[in-house]
Amino acid sequence: MDDIAERAAKALDNAENWPDDPKEAVARQRLLADRVRTEPLDPDSVRYVAGLDVSYGVGDRELAAAAVVLDARTLEVVDTSLIADTPSFPYISGLFGFRELPPVLRAIEGLSVSPDVFVSDGFGLAHPRRFGVASHLGVLIDAPVIGSAKSVLYGRNSMPGEERGSWKPMVAGRSELVEDTEPLAAQGAEVIGRVLRTRARTRPVYVSVGHRVDLAGSADLILRLSPKYRIPEPIRHADRLCGQYRKEHAADG
DNA sequence: GCGACAG
DNA sequence: ATCTTGTCGC
């Protein structure tokens, strides 16, 4: 896990990355947002995918972060990393990274298999400042990251067809459900993500570019990673792992 | 000023 | 995110 672990450690050590004031955090986002890059992502070339997630305990005093690496072909788990920590930044919508990335970076440091791409439970460019947690993570470790969220934070969106694989673009603007975003995208509106149906007749997920990936490739990969359930397998595994860990440590040790 | 608001 | 049993649907 050479390079990535090293960059994660460096990002954690840099105090500039971890302001304790929301105002400074927003300024930090604006500064780092310029470093976000979109690059082609060929799903066929992806071998290892890492899913990331965090779960919280009671009283906002404890949390667990997990990173689980899957073989993109077989969807078999090939590596896991889990850490327990304490939140050091409050939950503020739009400022996720400052709360969740410290433990997530530590979990990433614990991996022995180097992922080709990471999947984060949140947004990338589909964010008011185009800097959701997926972009934040991507910039800190300069690695490919895809954002896959379960609900909308920002952007006009539409519901795709009921069948698996259907999708609609998300375009810049206040969070709002409209009849059809396709005409808006065709007319040149800024496309910031995709509403993707990963399972028939089930609520869609919201995919956006985090860093060093492109939207079409990201949506394609997310669909492949969700052959049966709504939530992509890497994130489901990470969710399970940190969720059960926290429960086991809520009653005793 | 008011409402919205990822996990 | 978390607190929580049964229940409707594929």
Side-chain angles (χ1 to χ4, degrees), chain A residues 22 25-26 29 33 36 51-67 82-105 107 118-138 145-157 162-164 170 172-178 192-211 218 222 226-232 234-251:
Chain A
V26 170
Q29 287 189 323
V36 176
L52 308 167
D53 198 25
V54 175
S55 88
Y56 296 88
V58 291
D60 206 42
R61 308 149 73 88
E62 51 189 41
L63 61 74
L82 178 66
I83 70 99
D85 205 342
T86 298
S88 56
F89 194 89
Y91 168 72
I92 298 176
S93 181
L95 298 178
F96 256 35
F98 300 97
R99 178 178 177 81
E100 304 205 340
L101 288 183
V104 164
L105 287 167
F118 291 84
V119 180
S120 176
D121 196 1
F123 292 106
L125 295 178
H127 176 280
R129 290 173 290 282
R130 309 297 185 274
F131 199 67
V133 65
S135 295
H136 198 161
L137 170 65
V145 183
I146 296 171
S148 176
K150 299 184 291 296
S151 62
V152 182
L153 165 67
Y154 169 86
R156 290 202 272 178
N157 57 89
E162 292 292 285
E163 63 282 21
R164 181 181 125 83
M170 290 177 75
R174 202 192 65 175
S175 173
E176 181 184 14
L177 179 63
V178 300
I192 57 175
R194 203 174 269 195
V195 185
L196 177 66
R197 191 82 69 178
T198 52
R199 177 176 175 155
R201 297 172 297 285
T202 298
R203 286 190 304 153
V205 297
Y206 303 83
V207 180
S208 57
V209 168
H211 185 56
S218 295
I222 290 297
S226 320
K228 182 170 182 176
Y229 301 107
R230 177 194 178 218
I231 303 301
I235 290 183
R236 288 189 73 235
H237 281 283
D239 183 52
R240 267 199 330 90
L241 187 57
C242 58
Q244 70 174 39
Y245 175 87
R246 191 184 51 67
K247 282 191 176 183
E248 290 170 3
H249 292 289

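Chain letters run A, B, ... following the sequence lines, proteins first and then strands; every chain starts at 1. Worth knowing before you read on, the calculation uses all heavy atoms, side chains too, and leaves out hydrogens, waters and symmetry mates.
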> Parallel, tilted or perpendicular: which describes the rings of A:Phe96 and A:Tyr91, with under 30° parallel and over 60° perpendicular?
Replying inline: perpendicular
>> Looking at A:Lys150 and A:Asp121, is there a salt bridge between them, counting it only when a charged N and a carboxylate O are closer than 4.0 Å?
In response: yes
>> Check A:Glu162 with A:Arg197, please: is the shortest side-chain N to carboxylate O separation under 4.0 Å?
In response: yes
>> As an exercise, state the distance from CG of A:Leu52 to NE2 of A:His237, rounded to the nearest 0.5 Å.
In response: 13.5 Å
Do any N or O atoms of the protein come closer than 3.5 Å to N or O atoms of nucleotides 6-9 of chain C, and which pairs are they?
none

> Would you say A:Ser148 and A:Ile231 make side-chain contact, with heavy atoms under 4.5 Å?
Replying inline: no
> Should the heavy atoms of other residues, nucleotides or ligands under 6.0 Å from CZ of A:Arg130 be counted, would the total exceed 12?
Replying inline: yes
>> What is the separation between atom CZ on A:Arg61 and atom C1' on C:dA1, rounded to the nearest whole Å?
In response: 17 Å
>> Looking at every heavy atom in both A:Leu153 and A:Ser175, which two are closest together, and how far apart are they?
In response: O-CB, 3.6 Å
> Roughly how many Å is it from OH in A:Tyr229 to C1' in C:dC10, rounded to a whole number?
Replying inline: 12 Å
> Taking atom CG of A:Leu137 and atom NE2 of A:His211, what is their separation to the nearest 0.5 Å?
Replying inline: 9.5 Å
Listing time: all N or O pairs from protein to nucleotides 4-7 of chain B that are below 3.5 Å?
from: B:dC5; atom 1: O3'; to: A:Ser93; atom 2: OG; distance (Å): 3.4
from: B:dA6; atom 1: OP2; to: A:Tyr91; atom 2: OH; distance (Å): 2.7
from: B:dA6; atom 1: O3'; to: A:Ser151; atom 2: OG; distance (Å): 3.4
from: B:dA6; atom 1: N7; to: A:Gly94; atom 2: N; distance (Å): 2.9
from: B:dA6; atom 1: N6; to: A:Gly94; atom 2: O; distance (Å): 3.2
from: B:dA6; atom 1: N6; to: A:Phe96; atom 2: N; distance (Å): 3.4
from: B:dA6; atom 1: N1; to: A:Val133; atom 2: N; distance (Å): 3.0
from: B:dA6; atom 1: N3; to: A:Phe123; atom 2: N; distance (Å): 3.2
from: B:dG7; atom 1: OP1; to: A:Lys150; atom 2: N; distance (Å): 2.9
from: B:dG7; atom 1: OP2; to: A:Ser151; atom 2: OG; distance (Å): 3.1
from: B:dG7; atom 1: O3'; to: A:Asp121; atom 2: OD2; distance (Å): 3.4
from: B:dG7; atom 1: N7; to: A:Tyr91; atom 2: OH; distance (Å): 3.3

> Of all the base pairs, Watson-Crick or G-U under 3.5 Å, which form stems of three or more consecutive pairs involving DNA chain C?
Replying inline: none
>> Testing the basics here: between A:Met170 and A:Tyr154, what is the closest heavy-atom pair and its distance to 0.1 Å?
In response: CE-O, 3.7 Å
>> One pair to check against side-chain contact (heavy atoms from CB on, under 4.5 Å): A:Arg99 and A:Tyr56. What are the steps and the verdict?
In response: CA-CA 11 Å; A:Arg99 178 178 177 81; A:Tyr56 296 88; 3.2 Å; yes
